[in-house]
Amino acid sequence: MRLVIMGPPGAGKGTQAGLIAEHYNIPAISTGDIFRAMKTADTPLADQLRAIMDSGGYVNDELTNAIVATRLSEADCENGFLMDGYPRTVAQVGALDKELASNGRQLDGVISLVADVEEIVARLLKRAQIEGRSDDNEDTIRVRLQVYAEQTAPLLEIYRARGILVEVDGIGPIDEVSERVFDALDKLKSNSAA
Ligand code: ADP
């Protein structure tokens, strides 16, 4: 399974990504986690990443695509993967397609977690208290939701047109949401096999 999980910040992507990856025995790759690890260094690049991420904006496509291509070339991705937080721009969609095609591969499914904006803001503010993420304050959250709506939501239509989009209600107990995802992916698989 080569999968992508999408959804606005705070829709529970990271949590679901972990469960889905475990279920299908594939690695979950989070560009957010990769960048959070990178920004702790004492380098000019880390300074740049801190400034971008703490303001709620996106890291540039060139750097992001290069990091993902390197990660996908690792051995554990041979039988599949779940990308969490990538692609996020139309340019990243193209870069991922190209990267996969160069190895005769393609995406099997794109999971879209759907959640209401106000529910999301409340969840993110709660997460900020628990985890202390520096990009989880109300102003940054609003910026991230807006950037998502402008730059990332249009990607859903690209994948819908390809017939590989599955939309799942992200509200509810964690296990219930995962079950919805598994059911939706099973349906997608049996449709594409037919
Ligand atoms: P969220 O929960 O807000 O979706 P993530 O952990 O996925 O957060 O990402 C945190 C930040 O890392 C983003 O706001 C952005 O600055 C950066 N980032 C992560 N993935 C990408 C990407 N594919 N392209 C550009 N920037 C990214």
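We count ligands from 1, going down the list as the structure has it; atoms in each ligand are counted the same way.
Close approach of ligand 1 to Lys13 is summarised as follows: ligand atoms under 4.0 Å from at least one heavy atom of the residue are 4 (O), 7 (O). Distances below 4.0 Å separate heavy atoms of Thr64 from the following atoms of ligand 1: 22 (C), 23 (N), 24 (N), 25 (C).
For atom 12 (O) of ligand 1, the closest non-hydrogen atom of the protein is Met53 CE, 3.4 Å. In this structure, the protein non-hydrogen atom closest to atom 3 (O) of ligand 1 is Arg144 NH2, 2.7 Å. Protein heavy atom at the shortest distance from atom 20 (N) of ligand 1 is Thr31 OG1, 2.7 Å. Shortest contact from atom 2 (O) of ligand 1 to any protein heavy atom: Arg127 NH2, 3.5 Å. In this structure, the protein non-hydrogen atom closest to atom 24 (N) of ligand 1 is Gln92 NE2, 3.0 Å. Ranking protein heavy atoms by distance to atom 27 (C) of ligand 1, first place goes to Phe35 CE1, 3.7 Å.
With hydrogens and angles left out, the side-chain atoms of Thr64 and Tyr58 include no donor and acceptor closer than 3.5 Å. Side-chain contact annotation: Asp175 with Ser178, donor-acceptor N/O pair under 3.5 Å absent.
The shortest N or O to N or O distance between Arg36 and ligand 1 is below 3.5 Å. For ligand 1, the polar-atom distance check finds no N/O of Ser30 at less than 3.5 Å from any of the ligand's N/O atoms. Where the criterion is an N or O separation shorter than 3.5 Å, residue side chain and backbone included, Arg88 meets it with respect to ligand 1. Taking only nitrogen or oxygen atoms, main chain and side chain alike, Tyr86 does not reach within less than 3.5 Å of ligand 1. The shortest N or O to N or O distance between Gly57 and ligand 1 is below 3.5 Å. For ligand 1, the polar-atom distance check finds an N/O of Gly85 within less than 3.5 Å of one of the ligand's N/O atoms.
The parts of Val59 lying near ligand 1 are both backbone and side chain, judged by heavy-atom distances below 4.0 Å. Under 4.0 angstrom from ligand 1, there are no non-hydrogen atoms of Lys39. When heavy-atom distances to ligand 1 are checked against a 4.0 Å cut-off, Tyr58 comes that close through both its backbone and its side chain.
No heavy atom of Gln151 sits closer than 4.0 Å to any atom of ligand 1.
A heavy-atom distance below 4.5 Å is found between the side chains of Lys39 and Met53. Residues Leu113 and Val177 are in side-chain contact: their nearest non-hydrogen atoms beyond the backbone lie under 4.5 Å apart. Side chains of Leu63 and Leu49 form a contact here, defined as non-hydrogen atoms less than 4.5 Å apart. Contact of the Ile29 side chain with the Tyr86 side chain is not registered, since no non-hydrogen atoms from C-beta on lie closer than 4.5 Å.
The distance from atom NZ of Lys98 to atom CG of Asn65, rounded to the nearest 0.5 Å, is 10.0 Å.
Although no hydrogens or angles enter the test, the distance criterion places no donor-acceptor pair under 3.5 Å between the side chain of Arg88 and the main chain of Gln151.
Taking the six-membered ring where the residue is Trp, Phe182 and Tyr24 present perpendicular rings, their angle passing 60° and hence far from 30°.
Using a 4.0 Å cut-off between a side-chain N of Lys or Arg and a carboxylate O of Asp or Glu, Glu99 and Arg105 do not qualify as a salt bridge.
The two atoms that bring Met83 and Thr31 nearest to each other are CE-CG2, 4.5 Å, heavy atoms only.
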